[in-house]
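Keep in mind that the numbers below use all heavy atoms, side chains included, and drop hydrogens, waters and symmetry copies. This is a predicted model, so every value here is computed, not measured. Numbering starts at 1 and runs along the sequence shown.
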Amino acid sequence: MMETNTKVILIVSIVVVLIIAGAAYLLYKPAPSQAVKIVVAARKGTYSEGLKLAAKEYEAKTGIKVEVVEFDYAGLHEKLAQEVVQATGAYDVVMMDDPWLPEFASSGLLVPLDSLLAQRGGVDPDFIGSAVNVCRYKGKLYAIPYVGNVQLFVYNKQLFAKYGLPEPKTWDDVLHAAEVIHDKEGIAGYVFRAAKGNPIVTNLLPIFWGSGVEVVDNEGNVDLDTPRAVQVFNFILELKRYAPEGTENFNSPEVKAALANKATAMSIVWPGWVPNLDTKVWKVIVPPGSKPMIGAWLLGIPKSSRHQKEALDFILFVTSREMQKKLALEAGVPPTRKSVYQDPDVVAKYPWYPVQLSALENSKMRPRLPQWKRIEDTLANYWHQAFTGQMSPEAALKGAAQEVRAILKGG
């Protein structure tokens, strides 16, 4: 009888141990990959649509869900600036305009990627060099290039042929052609995207560059209040005479409309605008006068992310050759890989891509300064006042130069 009781007690003990062990396993077993969710903060529009397309394929492949949270341009910058201070861990991947990278790298928002990528063979040499360069700050890599944005230039080749005008190679060529077409055809010769803020700065800066004027040079010198800079702004005001009424308030939609309606003869454009243009009318070229401005969009990982490994996997998936080709063909996202620009399928759909590749390979970065956003806001304020006649070019450039110097000194 005692032996039977002992066996019963032993069996009961084993069962209890197994139940406890099972409960412990259920409580503490690693979460399956399906439970991981990556959250991406992105610029609303074509680029976020591309990320959503990639997210569906990534989830199907890995079981990891990706949520894309969309913001407008200013809202995205504000959200990232808040994350620097609050470190909420709300985002695992963040999209950035390339001139923002020095700000967010220097503020400690971003995970340096060099060592992580070294374990995977380093940066793929298929990426266009200029697109990788804007991902670096003080020699360290903080992002991977997602969107191969670079300024292009379009002109109405039918009107240029009609009046025997040469393809514009300089900004003086642009001014001459704008005057001829405006006077002969009664339409705008050139359209500015000159709304106050980022638009007017990115639209006017290449004209300054074309004349050798820098906002801040490599030695930190401010070049805005020189006689040459004043001469450039007077040139801009001369070109404005042949622009459509209201161009000082034009942003992307208004410029796109002017091109679609053939209400202008020339404009700086971004790659995402070109697919909607009639190639029988418009010719795409590298912008005249200087190296074109790169405006790549980048993907980085906040230090506050709790899923950094998965975040890097997703970024590399999005920027893989296969996905870059798919996003170019299906979503219109400009790639950052040379091989995609040379892919026969892609070139067949976007015949100007060889020009775009040339523009990217020879592009120019905006100053790599953590203070660039504040500098850009300062330039936008003064340049817009000069553009609209509220200030003289001399006074506006002098005021901008003084404020930029104060910003660089920590003011």
Quick check against the 3.5 Å criterion: does [X] have a side-chain atom that pairs as donor or acceptor with the backbone of [Y]?
| X | Y | answer |
| --- | --- | --- |
| Asn203 | Ala194 | no |
| Thr247 | Pro244 | no |
| His384 | Glu248 | yes |
| Glu179 | His176 | no |

Can you list everything that forms a ring-ring contact (aromatic ring centres under 6.0 Å, His included) with [X]? Sequence neighbours excluded, please.
| X | value |
| --- | --- |
| His182 | Tyr242 |
| Phe387 | Phe192 |
| Tyr73 | Trp100, Trp297 |

Got [X] and [Y] here, is their nearest side-chain heavy-atom distance under 4.5 Å?
| X | Y | result |
| --- | --- | --- |
| Pro287 | Pro206 | no |
| Asp225 | Arg405 | yes |
| Asp124 | Thr319 | no |
| Leu101 | Leu110 | yes |
| Lys184 | Lys162 | no |

Using a 3.5 Å cut-off and no angle test, enumerate the donor-acceptor pairs between side-chain atoms of residues 263-276 and protein atoms at least two apart in sequence or in another chain.
unit_1 : atom_1 : unit_2 : atom_2 : d
Thr264 : OG1    : Val191 : N      : 3.4
Thr264 : OG1    : Met266 : O      : 3.4

Atom pairs and distances, side-chain donor-acceptor, residues 354-362, under 3.5 Å, sequence neighbours left out:
unit_1 : atom_1 : unit_2 : atom_2 : d
Gln356 : OE1    : Trp352 : NE1    : 3.3
Gln356 : NE2    : Tyr341 : OH     : 3.1
Asn362 : ND2    : Ser358 : O      : 2.8

Crowded around [X] [atom1]? As in, over 12 foreign heavy atoms under 6.0 Å?
| X | atom1 | value |
| --- | --- | --- |
| Lys140 | NZ | no |
| Lys256 | NZ | yes |
| Lys240 | NZ | yes |
| Lys364 | NZ | yes |
| Lys398 | NZ | no |
| His307 | NE2 | yes |

For Arg337, the option from Gln324, Gln342, Met323, Lys325 that meets side-chain contact (heavy atoms from CB on, under 4.5 Å) =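 The option that passes is Gln324.
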
task = Check whether the side chains of Gln385 and Asn381 place a donor and an acceptor atom closer than 3.5 Å, and report yes or no.
result =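 Yes - a donor-acceptor pair under 3.5 Å links their side chains.
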
Which atom names give the shortest non-hydrogen contact between [X] and [Y], and what distance separates them?
| X | Y | value |
| --- | --- | --- |
| Trp171 | Pro288 | NE1-O, 3.1 Å |
| Gly246 | Phe250 | O-CD1, 3.0 Å |
| Pro99 | Pro102 | O-CD, 3.5 Å |
| Gly220 | Leu408 | O-CD1, 4.0 Å |
| Leu224 | Ala229 | O-CB, 3.2 Å |
| Ser252 | Arg193 | OG-NE, 3.3 Å |

Checking [X] now: which residues fulfil side-chain contact (heavy atoms from CB on, under 4.5 Å) with it, not counting sequence neighbours?
| X | result |
| --- | --- |
| Arg228 | Ser211, Val213, Thr226, Gln231 |
| Asp72 | Ala74 |
| Ala386 | Phe233, Ala396 |
| Lys52 | Glu49, Val68, Glu70 |

ask   = Can you check side chain to side chain contact (heavy atoms under 4.5 Å, CB included) on Asp345 and Lys349, steps first, answer last?
value = CA-CA 7 Å; Asp345 297 332; Lys349 184 167 184 177; over 6 Å; no

Gap separating the [atom1] atom of [X] from the [atom2] atom of [Y], nearest 0.5 angstrom:
| X | Y | atom1 | atom2 | value |
| --- | --- | --- | --- | --- |
| Ile200 | Asn249 | CD1 | CG | 9.5 Å |
| Ile236 | Leu204 | CD1 | CG | 4.5 Å |
| Leu277 | Lys262 | CG | NZ | 11.5 Å |
| Asn133 | Ile294 | CG | CD1 | 8.0 Å |
| Glu376 | Gln371 | CD | CD | 13.5 Å |

message = Parallel, tilted or perpendicular: which one describes the rings of Tyr58 and Phe314, with boundaries at 30° and 60°?
response =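 Taking Phe314 first and then Tyr58, their aromatic rings stand perpendicular (interplane angle over 60°).
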
Just distance, no hydrogens or angles: give the donor-acceptor pairs under 3.5 Å from side chains in residues 141-160, sequence neighbours left out.
unit_1 : atom_1 : unit_2 : atom_2 : d
Tyr146 : OH     : Tyr47  : O      : 2.7
Tyr146 : OH     : Leu51  : N      : 3.3
Asn149 : OD1    : Tyr47  : OH     : 3.2
Asn149 : ND2    : Tyr47  : OH     : 3.1
Gln151 : NE2    : Thr202 : O      : 2.8
Tyr155 : OH     : Glu167 : OE1    : 2.8
Asn156 : OD1    : Gln158 : N      : 3.0
Asn156 : OD1    : Leu159 : N      : 3.0
Lys157 : NZ     : Thr279 : O      : 2.8
Gln158 : NE2    : Lys280 : O      : 3.3

Distance-only donor-acceptor hits, side chain of residues 83-96, under 3.5 Å, sequence neighbours excluded:
unit_1 : atom_1 : unit_2 : atom_2 : d
Glu83  : OE1    : Thr88  : OG1    : 2.7
Glu83  : OE2    : Thr88  : N      : 2.8
Glu83  : OE2    : Thr88  : OG1    : 3.2
Glu83  : OE2    : Gly89  : N      : 2.9
Glu83  : OE2    : Ser304 : OG     : 2.9
Thr88  : OG1    : Ala90  : N      : 3.1
Asp92  : OD1    : Ser305 : OG     : 2.7
Asp92  : OD2    : Val39  : N      : 2.9

task = Could you pull out all residues at least two apart from Asn221 that satisfy side-chain hydrogen bond (donor to acceptor under 3.5 Å, both in side chains)?
result =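 Per chain and number, Asn221 pairs via side-chain hydrogen bond (donor to acceptor under 3.5 Å, both in side chains) with Asp217.
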
task = Go through Phe317 and Glu57 one step at a time and tell me if the side chain to side chain contact (heavy atoms under 4.5 Å, CB included) criterion holds.
result = CA-CA 9 Å; Phe317 177 80; Glu57 294 215 4; 3.9 Å; yes

query = Can Asp97 and Arg43 be counted as an ion pair, charged N to O under 4.0 angstrom?
reply =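 No, no charged N to carboxylate O under 4.0 Å.
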
inquiry  = Applying side chain to side chain contact (heavy atoms under 4.5 Å, CB included) to Asp98 and Arg368, what does each step give before you reach the verdict?
reply    = CA-CA 9 Å; Asp98 76 68; Arg368 309 305 285 168; 3.2 Å; yes

